[in-house]
Amino acid sequence: MESELQKLPQPETTRPSQPESIDEGSTKDDRPLLKPDPTNPQLQVQSQSSSPSIEELEKKYAPYVRHDVYGVMGQGELPWTEKVLLGIALVTIVPMRVIGATTVLVVYYLICKICTAFWAPNREDEQEDYAHTGGWRRTVMMQSGMFLSRVMLFVFGFYWIQETYQPINLNGNSNNEDGSKQQAEELERPGAIVSNHISYLDILYHMSCSFPSFVAKRSVAKLPLVGLISKCLGCVYVQRESKSPDFKGVSGVVNERIREAHQNKSAPIMLLFPEGTTTNGDFLLPFKSGAFLSGAPVQPVILRYPYQRLSLAWDSISGARHVILLLCQFVNYVEATWLPVYYPSQQEKDDPRLYAENVRRLMAHEGNLLLSDIGLAEKRVYHAALNGNNSMPTVFHQKDD
């Protein structure tokens, strides 16, 4: 894999103008879209006079721009044919899909409830998970979870999933589209799956393939139905603050999990989105180095959601609107390309940022994706601009690696 990187051409990189100083601090990724202040008319006038055009915004924040028929925020004027299709879908397939998805969720919750009955969860650093449960319990939770995740995708209109597994080729040619998942796992098990991030559907797809653990907000563990399922997945929950003297933090727990998955085939594998946020699927943002600190091999996966009407990218559109429009789509598509397991060199093990950048360049090359230097801070500025809030500070803080 190292020799391949030396032959790769440098992908085209989008370098829009950025704020003069962007500090890397700590900001949650669940911050809602910012709204203009309706109580301050002076700021509204100032905002209107200094508002950039939509063309300027789309050029500057290209990785987050939607290009479907529903418009940038999913609120565009629709042709009458699209309105008719939406009306038909709302009274036909949407109720059936809601019932189907709810049924699948409840069935899997009951399976998890049975498998975890009279069994205490694994507890370490205030992390609770049943993913380290062995025997029949783990087998039933994992196999039924993978099957029902695929059923859920089918309910959402993903009737066919196009998957490509690029095989390990000792001659250094990894562009062959023939291969199998078994070939990709023959040499050594990766410690983590690293994937580009487009939508919440990414997690559902990966659950149907490998049933991985992933990082989630602590509040997810307390949600009805989903909370227990997340514990069975072995999710690593983000903690607000240390509550014990030997608290490792999320980064420490994740890296231990990656090393464990690399060395133990029965351990749950980690799924990480190193971009840290979603894009429209045409770009790769800078990778955070957290997934690469352990120096363990990783499994790169490239996802795409081809579309004609609705883009399934979850950007610049509210969650409720996106879910409703998703359910109104008669057919949805997803394509997944599984690259060969990436084995880092000693230099990459010593320099996680180099390791992350090399994996990123490889994924961009193999997936025909553009590299962009902007990140979550610019995304928030773009969302605020779409909502007409130009009076806000232009500097936001990103999570540290």
Side-chain angles (χ1 to χ4, degrees), residues 1-6 8 11 131 163-169 172 174-175 179-198 202-203 205-207 209-215 233-236 250-277 279 284-304 336-367 369 371 401:
M1 187 65 71
E2 290 179 63
S3 60
E4 291 177 34
L5 284 174
Q6 297 175 359
L8 293 181
E163 295 178 305
T164 302
Y165 295 96
Q166 294 188 358
I168 299 293
N169 191 316
S174 66
N175 294 324
S180 65
K181 191 175 183 179
Q182 289 73 21
Q183 268 185 297
E185 296 177 347
E186 275 181 0
L187 296 181
E188 195 174 0
R189 189 181 194 233
I193 297 171
V194 293
S195 173
N196 62 323
H197 200 12
I198 303 173
D202 303 345
I203 294 176
Y205 166 75
H206 284 290
M207 285 179 61
C209 294
S210 51
F211 203 71
S213 303
F214 54 92
V215 178
L233 279 162
C235 289
V236 176
V250 174
S251 179
V253 174
V254 167
N255 279 282
E256 281 192 1
R257 291 281 194 90
I258 292 175
R259 293 189 187 98
E260 180 189 16
H262 172 50
Q263 299 168 0
N264 182 4
K265 290 186 177 181
S266 63
I269 194 169
M270 287 296 302
L271 166 66
L272 296 170
F273 301 107
E275 294 171 284
T277 189
T279 69
L284 272 184
L285 305 180
F287 279 9
K288 298 183 181 300
S289 59
F292 308 91
L293 292 173
S294 66
V298 295
Q299 171 74 73
V301 180
I302 304 167
L303 296 180
R304 284 189 180 275
T337 301
W338 293 68
L339 302 181
V341 175
Y342 190 102
Y343 300 93
S345 65
Q346 187 58 48
Q347 184 182 8
E348 290 171 326
K349 291 180 181 180
D350 296 337
D351 187 351
R353 292 183 183 275
L354 175 65
Y355 185 8
E357 182 59 22
N358 284 346
V359 173
R360 178 179 177 239
R361 289 202 298 119
L362 178 68
M363 292 176 64
H365 177 265
E366 296 295 333
L369 302 174
L371 296 181
D401 284 352

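Just so it is clear, the model here is predicted, and its values are computed rather than measured. Sequence positions, counted from 1, serve as the residue numbers for this chain.
Separation of atoms CG (L303) and OG (S195) is listed at 4.0 Å; rounding is to 0.5 Å. For the atom pair CD (E357) and CG (D351), the distance works out to 10.5 Å, reported to the nearest 0.5 Å. Atoms CG and CD1, from L284 and I302 in turn, are 7.5 Å apart once rounded to the nearest 0.5 Å. Note that NE2 of H262 is 15.5 Å distant from CE of M270, once rounded to the nearest 0.5 Å. Residue K288 holds its NZ atom at 9.0 Å from CZ of R353, rounded to the nearest 0.5 Å. Atoms CG and OG, from L354 and S345 in turn, are 6.5 Å apart once rounded to the nearest 0.5 Å.
The shortest non-hydrogen separation linking L293 to P352 is CD2-CG, 3.6 Å. Shortest non-hydrogen contact noted between P268 and A131 is CG-CB, 3.8 Å. Among all heavy-atom pairs drawn from A291 and I258, the shortest one is O-CD1, 3.8 Å. Scanning both residues, Y355 and A296, for their nearest heavy atoms gives OH-O, 2.7 Å. The shortest heavy-atom contact between N196 and E275 is CA-OE1, 3.3 Å. Nearest approach of I193 to S210, heavy atoms of both residues: CD1-OG, 3.3 Å.
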Exercise for review: Evaluate the side-chain contact (heavy atoms from CB on, under 4.5 Å) criterion for residues M363 and R360: first the C-alpha distance (whole Å), next the side-chain angles of each, then the deciding distance (0.1 Å), finally the verdict.
Suggested key: CA-CA 5 Å; M363 292 176 64; R360 178 179 177 239; 5.9 Å; no

Review point. What do the steps show when you test T279 against L285 for side-chain contact (heavy atoms from CB on, under 4.5 Å), and what is the final call?
Key: CA-CA 8 Å; T279 69; L285 305 180; 3.5 Å; yes

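Side chain of R189 to backbone of N264: a donor-acceptor contact under 3.5 angstrom is found. D202 contributes a side-chain N or O that, together with a main-chain N or O of I198, makes up a donor-acceptor pair within less than 3.5 Å. No donor-acceptor pair under 3.5 Å is formed between the side chain of R257 and the backbone N or O of V236. At distances below 3.5 Å, not a single donor-acceptor pair connects side-chain atoms of Q299 with backbone N or O atoms of A192.
By the 4.5 Å heavy-atom criterion applied to side chains, L339 and H365 are not counted as neighbours. Residues F292 and P274 are in side-chain contact: their nearest non-hydrogen atoms beyond the backbone lie under 4.5 Å apart.
Aromatic ring orientation, W338 versus H206: perpendicular (interplanar angle above 60°, classes split at 30° and 60°).
Atom CD of Q347 sits in a sparse spot, with 12 or fewer heavy atoms from other residues, nucleotides or ligands closer than 6.0 Å.
For F273 and F214, the ring centers are positioned 6.0 Å apart or more.
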